[in-house]
Every structure is written in C-alpha cells, then in structure tokens.
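Reviewing the structure listed below.
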Amino acid sequence: MPELPEVETTRAGVEPHVAGQRVRTVIVRQPQLRWPVSDALARDLPGQTIHAVRRRAKYLLFAADTGHVCLHLGMSGRLRVVPADTPVETHDHVDIVLENDTLLRFNDARRFGSLFWLTGDPHEFSLLSRLGPEPLSDAFDGAWLRARSAGRRTAVKAFIMDAAVVVGVGNIYACEALHMAGIHPRRTAGRIGRARYERLAEAIKQVLAEAIAVGGTTLRDYIGVDGDTGYFQLSLAAYGREGQPCPRGCGPIRREVIGQRSTFFCPVCQT
DNA sequence: AAAGCGCCCTGAAGGC
DNA sequence: TGCCTTCAGGGCGCTT
C-alpha cells in the first residue's frame, strides 16, 4: 500500500543505485498491468543512461537520454535493486537490467501498478497534466484548499483525496490528517472556513513529512528488506483503530464508509 | 462541472 | 482443516 511517503522512500532508496547507470536490457514478463506496458520500453530504453529519479504525486520518473520511464506502484507494487542473477519470483513483472550487473525489479501482485515510456515533457502526459500541487510544496496551503473547495458539496475527506486538489493524500493519511486537524470527515468541503483549512493543510504536511521521515529509516537497509517496514512504524491515531480509544481520550474510534472507502475518525473531537 | 460508482487484481481474513 | 466469500485499496473513466 504505497502512499506518497513510501513512494518517496522508494525514490530515495533507488536513485543512488541507478543514477548514472546505463541500461543493458529490459525484460517484460507480464505486460498486462493497469495499462499494457508499451513495446517501446524494451525497444528504446536499452543503451540509454538513467540520469535521475524524480517523483510527481505517486509516480516515479526515471529520466533517461530520450525519455522517461514513468512508474506507478499501484496498491501492491514494489521496486528493488538486486544483483542481476537474483532468481525470479512470483509477480516479478519487469526487470530493467543495468550494465553494472544489477537490475531494477518491479514486482506487483495485484497489477494495479503501471509502467510507461514517455518521450517529451512527462508533466504533459495525460495522467500527470491535471494533477494538483505537491502537498509538501509552498503551492499547497489553507488558502489553496479554501479556494478549491468553493461550491463543492462533497465530503471533505473525499475532497482532499481528489488528486486534482492535492496529490498523494491516500486513505490512511486523509484519515490521520483529519483527526489531527479535528475535522469530521463528512463535513461538506465547501462549508469549511479558512482557519480550519489552514489547520488541515498543516496537518496534511505534518502527517506526510513524519511518515517520510519514518520511511527513511528503512532506507539504510533498503535492498532485500521488506519495503513495508517504515509503514508499520507509523503511529496511527485513527486509521484501522475502530473501537479503540481516541488517543485524545475521547472515546472509541468509529469506522464508516465515505466515498467507498473505510474511514476512521473520532466522533467526539472531530467536528 | 461535479459526484458517484464500477472496475482492474490478488492475498489475507473471516465465516461456516 | 479447508473451501468459499468478502474485503481492501489507487485512481481512471464512464454515467448520471
């Protein structure tokens, strides 16, 4: 379940191993991911050097000579750098083999992930071009949320999970940020005032930044180690804690479905 | 334009 | 114990 902190952890963990490396070959064992993997990837990428690994929302962008590899981990995707002779396991769908005898291996049990070969400006790619601001950037703040919420009758929780509003806020961190900000997840987005949106924007930044910092502890032993380690180190106040007491001492955390997603909140301190 | 829902897929968990 | 069902989840894209 990679959310933005895990994608960022993956980016930071992989980049030192691949930056400056030339691609020897690309092996696509299973092209049927969220979208079919284009033949152009295996055809055009070999021989090119990977210069940097960047991130936009939950997409990783590997900058090569004439284009970018754009990767989304989906729900269950994992990316590892391993020795080139590492045995293939179930759901190892794509290898990008490097000339230093290591390879970048994409494993994805549920195949909600996706892999694209993009030429031209990757930010103009249809899936990236309409995305909202990065939550940790200065472009994202309470004023932005307030402005974008005008007239919106949807629940605030669904609103902050809308990638056109702000990227990278998945179900877990939406719940946590709303709890931190003391806002009820069902509150109508368009009827929340500026001050509360300031608090919510700060909560989103804080929750994500803390999660990235925790994910960072996984970096040191990134290769060969379960990528979910950082995730489980998070101390969740609301998510997944139905029936358990709110950390503020209010009462039991409640679970309700909002926008087809399980939502955990404290009915006392979130108003 | 905005909102709601179906769908892609597999593994884990729950029920009997 | 084992089979069957249900659920989880990101996010695109279709429908209303």
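Below, chains carry the letters A, B, ... as their sequence lines are ordered, and counting in each starts from 1. Quick note: numbers below take in every heavy atom, side chains included, and nothing from hydrogens, waters or symmetry partners.
- The shortest distance between the side-chain N/O atoms of His72(A) and the OP1/OP2 oxygens of dG10(C) is not below 4.0 Å.
- Listed pair Tyr59(A) / dG10(C) fails the phosphate criterion, with no side-chain N or O lying under 4.0 Å from OP1 or OP2.
- Rounded to an integer number of Å, the gap from Arg56(A) CZ to dG10(C) C1' is 16 Å.
- Within the 4.0 angstrom heavy-atom criterion, no nucleotide atom of any strand lies near Phe159(A).
- The residue among Arg255(A) and Leu131(A) whose nearest nucleotide of DNA chain C is located toward the 5' end is Arg255(A).
- In this structure, CE of Met75(A) is placed 14 Å from P of dT10(B), rounded to the nearest angstrom.
- Glu134(A) and Ala57(A) make their closest contact through OE2-N, 2.7 Å (heavy atoms, listed as atom of the first residue, atom of the second, distance).
- Considering all non-hydrogen atoms of both residues, Glu3(A) and Val169(A) come closest at OE1-C, 4.2 Å.
- The CD-P distance, from Gln30(A) to dT10(B), rounds to 8 Å in whole Å.
- Side-chain N/O atoms of Ser262(A) include none lying less than 4.0 angstrom from OP1 or OP2 on dC7(C).
- The separation between Leu33(A) atom CG and dG10(C) atom P is 18 Å, rounded to whole Å.
- Between the side chain of Arg24(A) and the main chain of Glu99(A), a donor-acceptor pair closer than 3.5 Å is present.
- Taking atom CD of Glu242(A) as the reference point, atom P of dC7(C) lies 13 Å away to the nearest angstrom.
- For the pair Arg153(A) (side chain) and Gly190(A) (backbone), a donor-acceptor distance under 3.5 Å is absent.
- Residues Met161(A) and Ala174(A) share a closest heavy-atom pair of CG-CB, 3.7 Å.
- A heavy atom lying under 4.0 Å from DNA chain B marks the following residues of residues 105-119 of chain A, by number: Ala109(A), Arg110(A), Arg111(A), Phe112(A).
- Rounded to a whole Å, the CZ atom of Arg34(A) is 10 Å from the P atom of dG11(C).
- Listed pair Arg261(A) / dG10(C) meets the phosphate criterion, a side-chain N or O lying under 4.0 Å from OP1 or OP2.
- Taking the six-membered ring for Trp and thresholds of 30 and 60 degrees, Trp35(A) and Phe116(A) have ring planes inclined between 30 and 60 degrees apart.
- One finds the CZ atom of Arg80(A) at 7.5 Å from the CG atom of Asn107(A) (value rounded to the nearest 0.5 Å).
- Looking only at distances, no side-chain donor or acceptor of Glu198(A) sits under 3.5 Å from a matching main-chain atom of Arg194(A).
- Asp95(A) places no side-chain N or O within 3.5 Å of a backbone atom of Leu103(A) that could act as its donor or acceptor partner.
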Table of protein N/O atoms under 3.5 Å from nucleotides 1-5 of chain B N/O atoms:
| unit_1 | atom_1 | unit_2 | atom_2 | d |
| --- | --- | --- | --- | --- |
| dA3(B) | OP1 | Arg153(A) | N | 2.6 |
| dA3(B) | OP1 | Thr154(A) | N | 3.1 |
| dA3(B) | OP2 | Arg152(A) | NE | 2.3 |
| dA3(B) | OP2 | Arg152(A) | NH2 | 3.0 |

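- Going from atom CZ of Phe264(A) over to atom C1' of dC7(C) covers 12 Å, rounded to whole Å.
- Proximity of a side-chain donor or acceptor of His68(A) to a complementary backbone N or O of Cys70(A) within less than 3.5 Å is not detected.
- Across the protein-nucleic acid pair, Gln32(A) atom CD and dC9(B) atom C1' stand 13 Å apart, rounded to whole Å.
- At the heavy-atom level, Leu127(A) lies under 4.0 Å from the strands shown only through sugar-phosphate atoms.
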